[in-house]
Every structure is written in structure tokens, then in C-alpha cells.
Student: 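The structure's right below; bear with me while I get my questions together.
Source: prediction; values computed, not measured.
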Amino acid sequence: YAPQTGRILELYHNIQDTVKVGDHLLEIDDSVVQDIKGLQEELQSNGQLSDEYLQKAVLPLDDPFRLQIIVQNIPPQLQSKTLPIFERLLQLQKEDPGELAKTNTQLAVALYNLGDVELALQHLQKALALRKEALGSDNPQVAATHVHLGALYRQVGDMGKSIDHMEQALEIQKKALGEEHPVVASSYNNVGALYYQTMDFARAIREYEKALAIHLKVHGENHADTAGTYHNLGVAWKHLGDFNTAQDYLQKALHGRQESAKQSSQEPDATDAFASSTPDIAASHTALGQLFAEVAKYDAAMEQYEAALNIQKQVFGTDSPVTAIGYNNIGAVHYQQGNYADALKDYQTGLDILNKSEPNHADTASSWNNVGLTYLKMGDNEKALENHQQALRILTSLYGANHPNLATTIGSIGNVYKSQGLWENALNEFEVAHSLLETALGTAHHPDVASSYNNMGLVLSQLPGREHEALEKYRAACEAFEKSVGSEHPHVGSCRFNMGLMLQSQGLKEKAKKEFEAAKEIWEISLGPSHDHTTMAQKSMEECS
């Protein structure tokens, strides 16, 4: 398990319903002013909204407009207090399907923010039915509700329903707005992001390309939306193992974001310094850093990560969790180069920031895990195990003991046991991690599952009499990588090389040579003919001749 190198960034637009007051603004009377004044006085008195205030001053009102104004002025941290007001609005608006749909949508958003996803889905389904009945199935407001539902189903992991609602929204928008409208492009991006999440990178690319064609025609090359779509394409192509195409798109995204930042500046003589100081540009630098790190161009990766970190410190501050991830990325490059003391320094800096700002967050657990991986490389198994166990405690408290998010850390604990030569203990940890992943993902054809097969193969190869099982795990890893990231991905080359080593150890030199040749061909394409991996495969081939 390699160190995690930060969050995956993707363009994802959600269409929000807004409260439309229209001509009511011309009719605001003293009662509305008094409502707002009373709300402000209640908030100033104790920072809360008492049940007595709601029962006496708010819920008796029979004017939906006044209730909507009150809801809009309640601070986000007191959203739970809006629920009885929304219920009152639903009673008052039961004869008005359009307003009723709007209130159901607003209530769903509030419930989602409060963590009640199931009830939020119920209210969105009601809003959808009401809007279809009142406006017809092809109305843009119906599309907006489909987008809300798609986004919510995405959050709960039901990707099938999420894609279905997003695609329905897209079809309505094409009919209502035309094939080349920016909103249609955003929906293509949404659909592409969903297919990306389901690991269908080829389909994601097709959707992103449709979005790109619209953005180029409407906005041109140097627009934020165009650059965002270039970014999405670059990340998707990277996952398919086409690093040259990925780099081309990611560099276009970076350039477009820099030019867009210049154009949007209020200063007529905007400088390159300004253009390199936005969060989106930091995201582009990060994505390029991840790409270069994956093909072992570590100097280039470090340059991109340092550029991202400088922006993150400037925009978010030195103690921000976003900045912590920037340190984590730089630590990962040091780790991959074998500079473990430098890696530990940057990983620890990131961990200190996260542990202070969000000690029980999943990113903090990942940071603990990365520090543990580094201690393992430095030969300190005890500290490595302590850090991995701290990560596991956080993740277990967040997700429970049987959640797939625990798999990476459990696998890291397995690596400690492997380093100690405790092969049976290591195999047990790897098998637990594998079971969590395969059950959660519902398929063996996923990169994480492939890595898990590979880990089990590495341990089995050390256990006497289990060489055949090791070879089967390597084959399963190879197949899973081929079907999830493509047959020319470097990871496939690594699996073929491992199979070669296993066969070579059994004296099967001809079969081993074929695996080394396959690894060499893959690495020549993906990493280049002069890469260390390619040279290593060539040397192994010669040893089998």
C-alpha cells in the first residue's frame, strides 16, 4: 500500500433551488420587518432560538412569504430549528404544488445537512412528483430536482440511481435549453464524474468530451469551466494508464486556469503571481504532481507539489487541513525516492496540522498511516505499528469495524508483520483487508482489490508449500488491474514481474522469461525504455536465458 497523496479532485456542479420572492419585494410591509427584528433580538439574547419563541412568534403565522423570510435568516448552525417552520409551510402550501415542491426541496437540503439522508430523499421524491404533476416531465425545475436526487444518491453510494437521475436531468436540459447550453455541459460533467466514481473511466471520458466541446464553443480555451473539464479528462486518462494524454490535458487545465485567473482579476495589469494563487490552480499543480509521481518523475512531481503548497499556504493559511494535504503530497515524493527522514518531516508536519484541526477525521487517519509507513521503511516496526493502530482507531470510530475504509490501514498493519517475518499474521491482516474491499465493491475488478491480491501473493510466496497459491493471487491481481485500469498500466507490469519471480524461484525459467518480457513491454510503453523498472525486467529476462 503506497502512501495516500491527497484527495481526488473533480468538477461537480449541483443546481440549487433558491427562494424566489419576485414582486413580493415591492410589497414588504412592517410585519416582515418586525419578524426579522424579533428573530435578531432572539438570537442576540442567547445565541439560540427557544421553543417558546417559535411557538409564540413564528409557527402561528399563516403567511408563507413571512415564514420563508424567517427561514432564510436563521443561521446555518441552527438549521434544526427550521424543521418545524418547514412543516408549517407544508401545511399552508398544500394547495399550491409549485410552492409545495420548493419547500420540500428546501426541507430536504436542511435534513441532509443535519444528517437525515433517508428523510431528505423522501422529501425530494415528493418534490419531484409535485413538479412533474404541476409543470410536466420536461420542465427545467424537474431537471433541477433530478440533479438534487442524483447528488444525494451519490452521497449514499447508490451509483445506479444517481446516474439514472443525472441522465434524466441531462435529457430534460437538452430539450429545454438546447444541446450547446453551459448547463448541459455541466450535466455531462456530472454524469462523467459518476462514471468515474464507478471506475468506468472510458465512459467518463466520453461524457467529459461532450462537456468540453460545449465549453470550448461557448467559452473558449481560457475559461474556468473549460479548464475544469480538461482537468477531469486528465485525471480519467491517468487512471486508464495513458500518461501522455493525461499530462496534455492536465497542462491545458493549468494554463486555462492561470489565464482565467488573470482575466477575472480586478487589476488591469494582473501578474503571473496573481494567476498562480487560486485554489483551482493549486488543484492542477497537485494533479500534475500525482501524475509525475506515478511515472517516477520525482523532480517534476516535487516542483508541482511545492507550487501547490505555496498557493495553499497563501490562500488557506499555514494551519489549514488543505495545507496539511500539501505537506502530505511532498512527503509522499520523498518517500517514493527513499528519502525517509525528509518524508517523515513533511508527513509529521501535515499530521500535526490535521491532529490539531480535525483529530478524528479520515484524512487525519490517513496521515497517521503515512507516518507509520515511513517508520516501517526506517526500520522502526514498533513506531510503525503504533501509528497504524492510531489510524485504525480513528477509522473504526468513524465507520465501524467492518467498513472498507479500514482496509488500507489493516493492510499496513499486515506490512509491519511482513517486515517482521510474521507471515501468518501478515496473511491474516491482508485477508481481512481483502474481504472488506471485495464485499464493499461487489467486484474483484477494482484497483484496490488488485493491490490486495498482490499483497497476499507476496506473503504466500514466503510460506513453504504455498507457492501455487501465491501464483494464483498474482494472476488474480493482474486480471483485476487489466480490467480496471487497462492492460498497459504499470501496475499490470508489476504483477507480471512478480509472477516471473515466482516461476523463476520454482525453476520454470521459460515461463518466467515470458512474464518478464510482458512486464518489460508494458513498462517500456508506460514508463519509458530507460526507466529502472524496464531495465530490471530486461536483466531478469537475461538471467532466464
Side-chain angles (χ1 to χ4, degrees), residues 1-12 193 196-197 228 231-232 234-235 238-239 246 250 253-254 257 276-294 297-337 339-340 342-375 387-388 390-392 394-395 398-399 405-409 412 447-448:
Y1 288 81
Q4 296 187 12
T5 55
R7 299 182 174 100
I8 294 174
L9 298 163
E10 60 188 40
L11 188 69
Y12 201 89
Y196 173 94
Q197 241 185 309
H231 181 101
N232 290 349
V235 173
K238 185 191 77 166
H239 281 286
L250 290 174
L254 175 60
R257 284 169 167 170
S276 63
S277 300
T278 70
D280 281 348
I281 292 169
S284 282
H285 283 302
T286 298
L288 280 164
Q290 290 170 341
L291 177 69
F292 289 134
E294 192 157 343
K297 294 181 178 178
Y298 298 122
D299 290 342
M302 186 65 78
E303 181 181 351
Q304 295 296 329
Y305 282 148
E306 287 177 343
L309 179 61
N310 287 334
I311 296 171
Q312 289 157 349
K313 288 192 288 188
Q314 180 179 344
V315 174
F316 300 105
T318 56
D319 294 329
S320 166
V322 177
T323 304
I325 291 171
Y327 280 111
N328 187 67
N329 291 340
I330 290 174
V333 176
H334 286 308
Y335 180 98
Q336 290 163 322
Q337 289 180 300
N339 301 326
Y340 300 122
D342 291 333
L344 183 61
K345 179 181 177 182
D346 284 303
Y347 279 151
Q348 191 65 55
T349 300
L351 175 58
D352 290 343
I353 295 170
L354 290 171
N355 208 27
K356 183 179 179 181
S357 60
E358 39 189 36
N360 296 312
H361 193 277
D363 286 342
T364 310
S366 295
S367 195
W368 280 107
N369 199 57
N370 288 346
V371 171
L373 289 169
T374 310
Y375 274 122
N387 279 271
H388 292 323
Q390 181 64 28
L392 188 60
I394 294 171
L395 294 173
L398 291 173
Y399 304 112
N405 285 356
L406 278 63
T408 295
T409 300
S412 296
D448 291 345

Student: Looking at every non-hydrogen atom in both residues, tell me the closest pair between Ala246 and Gly234 and how far apart they are.
Tutor: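 What the structure gives for the nearest pair is CB-O, 3.2 Å.
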Student: Using the side chain to side chain contact (heavy atoms under 4.5 Å, CB included) rule, pick out the option among Leu392, Asn387, Leu354, Leu373 that qualifies with Trp368.
Tutor: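 Considering Leu392, Asn387, Leu354, Leu373, a side chain to side chain contact (heavy atoms under 4.5 Å, CB included) with Trp368 is found only for Asn387.
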Student: Checking Thr323 side chain against Asp319 main chain: does a donor-acceptor pair fall under 3.5 Å?
Tutor: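 No: the side chain of Thr323 does not pair with the backbone of Asp319.
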Student: Under the side-chain hydrogen bond (donor to acceptor under 3.5 Å, both in side chains) rule, what do His334 and Tyr347 come out as? Steps first, then yes or no, please.
Tutor: CA-CA 10 Å; His334 286 308; Tyr347 279 151; over 6 Å; no
Student: Please evaluate residues Asp352 and Gln348 with respect to the criterion side-chain hydrogen bond (donor to acceptor under 3.5 Å, both in side chains), reporting the C-alpha separation (whole Å), side-chain torsions for both, the decisive distance (0.1 Å), and the verdict.
Tutor: CA-CA 6 Å; Asp352 290 343; Gln348 191 65 55; 3.1 Å; yes
Student: So, taking the atom named CG in Leu351 and the one named CG in Leu344, what distance separates them when rounded to the nearest 0.5 Å?
Tutor: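 Going from the CG atom of Leu351 to the CG atom of Leu344 covers 10.0 Å.
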Student: With no hydrogens and no angle check, is any side-chain donor or acceptor of Ser367 less than 3.5 Å from a backbone partner on Asp363?
Tutor: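 Checked: no pair found.
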Student: Could you report the tightest heavy-atom contact between His231 and Leu250, atom names first, then the distance?
Tutor: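 Scanning both residues completely, I find the closest heavy atoms to be O-CD2, 3.7 Å.
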Student: Rounded at 0.5 Å granularity, tell me how far CG in Asn369 sits from OG1 in Thr409.
Tutor: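 Answer for the CG-OG1 pair, Asn369 versus Thr409, is 4.0 Å.
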Student: Assess whether ring pair (Phe, Tyr, Trp, His ring centres under 6.0 Å) is satisfied between Tyr298 and Phe292, documenting all intermediate values.
Tutor: CA-CA 6 Å; Tyr298 298 122; Phe292 289 134; over 10 Å; no
Student: For a quick test of reading the model, state the closest non-hydrogen atom pair linking Ile353 to Pro321 and the distance between them.
Tutor: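 Nearest pair, atom of Ile353 first, then Pro321: CG2-N, 4.3 Å.
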Student: Looking only at atom types and distance, does a side-chain atom of Thr364 sit under 3.5 Å from a main-chain N or O of Asn360, one as donor and one as acceptor?
Tutor: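 Flag not set: sc Thr364 to bb Asn360 has no pair under 3.5 Å.
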Student: Give, for atom CG of Asn329 and atom CD of Glu306, the distance between the pair rounded to the nearest 0.5 Å.
Tutor: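 Separation between the atoms: 11.5 Å.
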Student: Considering residues, nucleotides and ligands other than Gln337, do more than 12 of their heavy atoms fall under 6.0 Å from its CD?
Tutor: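 It does: Gln337 CD has more than 12 such atoms within range.
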Student: Quick one: do the Asn328 and Asp346 side chains pair a donor with an acceptor below 3.5 Å?
Tutor: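 No, no side-chain donor-acceptor contact under 3.5 Å.
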Student: Please test Asn310 against Gln314 for side chain to side chain contact (heavy atoms under 4.5 Å, CB included), starting from the C-alpha separation and ending with a verdict.
Tutor: CA-CA 6 Å; Asn310 287 334; Gln314 180 179 344; over 6 Å; no
Student: For Ala324 and Gly350, work out which heavy atoms get closest and say how close.
Tutor: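 Heavy atoms only, the tightest pair is CB-O, 3.5 Å.
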Student: Got a second to check how far Ser320's OG is from Gln312's CD, nearest 0.5 Å?
Tutor: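 If we round to the nearest 0.5 Å, Ser320:OG and Gln312:CD are 8.0 Å apart.
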Student: Nearest 0.5 Å please: distance from the CG atom of Asp342 over to the CD1 atom of Ile330.
Tutor: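 Between atom CG of Asp342 and atom CD1 of Ile330 there are 11.0 Å.
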Student: Determine yes or no for a side-chain-to-main-chain donor-acceptor pair under 3.5 angstrom, with Arg257 supplying the side chain and Asp280 the backbone.
Tutor: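 The answer is yes, because a donor-acceptor pair under 3.5 Å joins these two groups.
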Student: Take Leu254 and His285 through the test side chain to side chain contact (heavy atoms under 4.5 Å, CB included) and record every step on the way to the result.
Tutor: CA-CA 7 Å; Leu254 175 60; His285 283 302; 3.8 Å; yes
Student: What heavy-atom pair brings Val333 and Ala301 nearest, and what distance separates the two atoms?
Tutor: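 That would be CG2-CB, 4.1 Å.
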Student: Rounded to the nearest 0.5 Å, what's the gap from CG on Leu406 to OH on Tyr399? Could you check?
Tutor: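 Here the rounded value is 9.0 Å.
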